[in-house]
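Remarks on the structure that follows.
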Amino acid sequence: MNRSFDEIYQQSIDDPESFWGKIAQDIKWIKPWNTVLDSSNPPHYRWFQGGELNTCYNCVDRHVDEGRADQAALIYDSPVTDTVKTFSYRELRDEIAVFAGALANHGVTKGDRVIVYMPAIPEAVIAMLACARLGAVHSVVFGGFAANELAVRIDDCEPKVIVSASCSIEVIKVIPYKPLLDEAIELAGHTPDHCIILERPMLECSLTAGRDVDWKAATDTAEPHDCVAVAATDPLYILYTSGTTGEPKGVMRDNGGHAVALKWTMKNIYGVEPGEVYWAASDVGWVVGHSYIVYAPLLNGNTTILYEGKPIGTPDAGAFWRVISEHNVGVMFTAPTAFRAIKKEDPAGALIKDYDLANFRALFLAGERLDPDTLQWAEKSLGVPVIDHWWQTETGWSICSNCLGIEALPVKQGSPTKAVPGMDLHVVDDNCEEVKAGDIGALVIKLPLPPGTFPTLWNAKERYIDSYLAEFPGYYKTADAGFIDVDGYVFVMSRTDDIINVAGHRLSTGAMEEVLAAHPDVAECAVIGVVDDLKGQLPLGFLVLSAGVERENSKIVKEVVAMVREQIGPVAAFKTAIVVARLPKTRSGKILRGTMQKIADGEEYKMPATIEDVSVLPEIEQALAALN
Ligand code: COA
Ligand code: AMP
């Protein structure tokens with residue numbers, strides 16, 4: 001008889017060692033672990049201590065050896081270049097092995113870092129897995145970030161090699177990558193030994209002699225490289241994510257726990273069996289791309305889809321349905337914003353009828369709050385379960401979900417269902433005391449975090465403790481606030497820090513404020529996230545100008561908008577700022593961003609008891625009204 005979700009969940013919490021120890025047998029180990037969970041140095045925990053494996057072997061070679069050599073491993077579907085290309089497991093293994101050889105020829109060995117700055121093309125996946133094959137540590141940087149953000153990452157992880165491409169294609173715009181790469185290297189203190197550049201025919205670039213190598217030339221002269229054994233606790237990748245300052249946090253993922261947990265999620269959370277086609281419509285630069293375009297589906301022997309396109313405009317709002325029907329997708333994962341975009345263009349879902357979606361059985365959404373309108377529209381239009389699940393770059397896989405492969409639970413609108421096995425989720429108050437069911441507090445996960453999450457931040461052990469573990473001793477702080485109801489359903493309400501979610505992309509308003517503050521005419525500033533029908537939230541800046549500045553406000557606003565685009569990137573979607581005389585503050589000088597946000601969103605707000613000067617708020621209201 002199948003065990004219930006509650007039973008499996010409880011076992012994972014009561015006896016995590018036996019729970020994950022058993023699941024770990026699904027992975028091919030070169031050397032078995034000595035201890036499933038090393039708890040000898042809390043709050044640091046290590047999974048599968050003593051074990052050795054290779055993640056790339058588990059993603060591709062193993063499936064070739066076990067009878068999936070001719071099965072499609074990766075389908076690259078690119079409406080922007082009018083290309084569909086399929087790689088079997090054998091072909092993917094061979095491409096990865098050769099590129100690993102090329103990296104090795106350029107000096108990359110176990111433990112070295114490699115930055116991958118590429119659009120959603122197969123070579124990005126090949127580069128990631130080639131690093132894993134060598135035991136090198138990849139750090140993929142999303143293409144929508146500016147050169148400055150890339151430079152910060154170069155300085156933090158000090159890559160030996162950067163792998164990039166000549167350009168990306170955003171719907172119909174061709175975006176040159178090489179100038180961004182050159183500028184980033186110029187800005188950074190650290191210089192990589194080499195850059196391996198894939199020339200794309202839409203826009204080729206010139207290579208810097210002595211440093212840059214053409215991808216084709218590098219692979220033409222390379223021999224396939226074998227998988228290198230690494231410790232379960234060795235780093236697999238670093239993924240930078242927005243923190244509460246301009247300095248991004250380098251989330252570090254290990255090899256062993258990551259492989260164990262991610263493979264398990266495919267069947268147990270997504271209900272996907274080996275051999276099936278699974279599609280995460282995201283970008284390799286985000287955590288969803290790492291976990292669910294690349295690692296989890298390949299670990300599980302699935303066919304994964306890499307889509308270089310948008311939900312709309314490539315060519316229309318039927319793009320997702322075409323991909324699902326053409327490639328026989330069983331389960332899909334994307335962000336609610338993508339569905340809002342489709343709904344806006346095709347409210348009646350008329351384009352869905354043009355495609356055969358008979359094999360499509362579930363849609364998973366995450367990355368931001370799933371609004372009821374989008375949920376209902378997706379359910380009604382597609383006629384399949386729509387599963388909201390909640391997770392973060394830090395956790396690497398979901399904290400809460402309806403686990404379709406264990407037991408499909410009834411859906412409660414507005415809730416990503418319950419904490420998944422391994423995630424011991426609680427709601428606490430400021431004193432770290434558990435609150436009553438239904439009461440809002442900080443969502444925290446009791447340590448140890450399950451395998452596949454993050455044992456530390458790259459180069460920032462203290463920041464790991466300070467940011468995540470210090471405020472609620474014994475718990476990981478998710479920085480999301482919410483509640484758990486009497487049935488154990490979780491409701492995620494808002495971030496407790498300065499993070500906003502713009503089109504499913506995580507951004508720090510603090511980082512944007514740092515950019516605005518650097519403008520010579522700006523004395524003070526604040527950035528908040530305001531509700532947006534399409535992107536969920538959009539950043540909005542408030543500027544207080546220095547005394548004596550007499551330049552036109554509109555000119556200054558234009559300049560700060562350009563600065564954010566230049567220094568953070570187009571992905572920040574920072575397009576508006578308003579000049580105000582003063583910012584509302586508490587008597588101790590803290591800017592009341594929460595109150596400003598409520599005013600901007602048209603919500604009711606209470607006059608904060610600690611406000612320094614009540615007359616500032618009407619000024620803010622007027623400025624916002626003038627903007628609308
Ligand atoms: N390289 C270079 N530039 C990029 C880029 C990349 N990889 N990705 C985005 N950009 C640019 C865009 O061209 C745009 O520039 P613009 O200001 O010149 O128009 C800007 O960054 C913002 O892009 P985006 O957030 O994608 O907004 P959009 O208006 O182009 O599209 C959506 C809106 C909703 C269609 C789009 O955001 C989307 O498909 N989102 C899906 C969400 C997703 O994949 N989330 C990942 C987590 S699951
Ligand atoms: P990222 O690290 O980019 O994945 O962003 C993580 C943040 O996105 C979380 O901390 C939440 O604030 C938000 N988020 C992700 N998924 C959900 C969800 N299903 N519901 C509500 N918020 C979500």
Side-chain angles (χ1 to χ4, degrees), residues 117-121 124 141-146 165 167-177 180 239-243 249 251 280-293 307-314 317 319-320 333-345 364-371 375 387-401 414-417 443 477-482 490-497 499-507 532-538 561 564-565 568-575:
Y117 186 60
M118 286 184 131
I121 52 176
V141 178
F142 179 64
F145 283 123
C167 65
S168 78
I169 298 142
E170 279 289 298
V171 191
I172 51 163
K173 273 185 299 184
V174 176
I175 302 193
Y177 269 26
L180 291 170
L239 178 57
Y240 289 92
T241 191
S242 301
K249 294 166 169 166
V251 168
S282 178
D283 187 279
V284 285
W286 304 117
V287 65
V288 176
H290 281 65
S291 294
Y292 290 105
I293 295 175
Y307 176 68
E308 190 185 21
K310 298 258 177 178
I312 52 170
T314 56
F320 277 14
F333 176 176
T334 191
T337 188
F339 267 70
R340 285 197 297 271
I342 297 171
K343 180 172 140 230
K344 203 167 160 201
E345 296 252 308
F364 282 77
L365 296 172
E368 54 176 324
R369 200 180 85 80
L370 174 56
D371 54 289
L375 170 67
I387 311 293
D388 178 14
H389 62 330
W390 166 51
W391 55 299
Q392 312 182 308
T393 304
E394 286 86 346
T395 62
W397 53 287
S398 55
I399 306 167
C400 286
S401 184
S415 167
T417 318
L443 289 162
K477 176 177 84 165
T478 64
D480 277 306
V490 178
F491 291 78
V492 182
M493 310 300 288
S494 59
R495 289 285 302 196
T496 56
D497 56 12
I499 298 295
I500 57 169
N501 244 295
V502 180
H505 310 318
R506 168 170 162 175
L507 295 159
D532 179 73
D533 283 351
L534 174 64
K535 298 201 175 187
Q537 282 184 300
L538 272 180
V561 166
V564 175
R565 193 176 173 94
I568 297 182
V571 71
F574 183 87
K575 306 233 154 119

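Counting starts at 1 for both ligands and their atoms, in listed order.
Annotation: W391 is in aromatic contact with Y292 [ring centroid separation under 6.0 Å].
Interface atoms of ligand 2 facing H389, defined by a heavy-atom separation under 4.0 Å, are 16 (N), 18 (C), 19 (N). Residue contact check: T393 has heavy atoms under 4.0 Å from atoms 1 (P), 2 (O), 3 (O), 4 (O) of ligand 2.
Among the atoms of D480, some N or O lies under 3.5 angstrom from an N or O of ligand 2. Residue E394 has no N or O atom closer than 3.5 Å to an N or O atom of ligand 2.
Closer than 4.0 Å to atom 32 (C) of ligand 1 lies none of the heavy atoms of the protein.
Closest to atom 46 (C) of ligand 1 by heavy atom, among A572, S282, G309, is S282. Counting only non-hydrogen atoms, the option in A573, A319, G313, A503 that gets closest to atom 45 (N) of ligand 1 is A503. The heavy atom nearest to atom 15 (O) of ligand 1, considering only E170, M118, K173, is found in K173.
Looking from atom 6 (C) of ligand 2 to the surrounding protein, the closest heavy atom is W391 O, 3.5 Å.
Of all the heavy atoms of P119, none lies under 4.0 Å from any atom of ligand 1, so neither backbone nor side chain is involved. Contact annotation: for F320 versus ligand 1, there are no heavy atoms closer than 4.0 Å.
Of the candidates K535, R506, R340, E368 forms a salt bridge (charged side-chain N to carboxylate O under 4.0 Å, His left out) with just one, namely R340.
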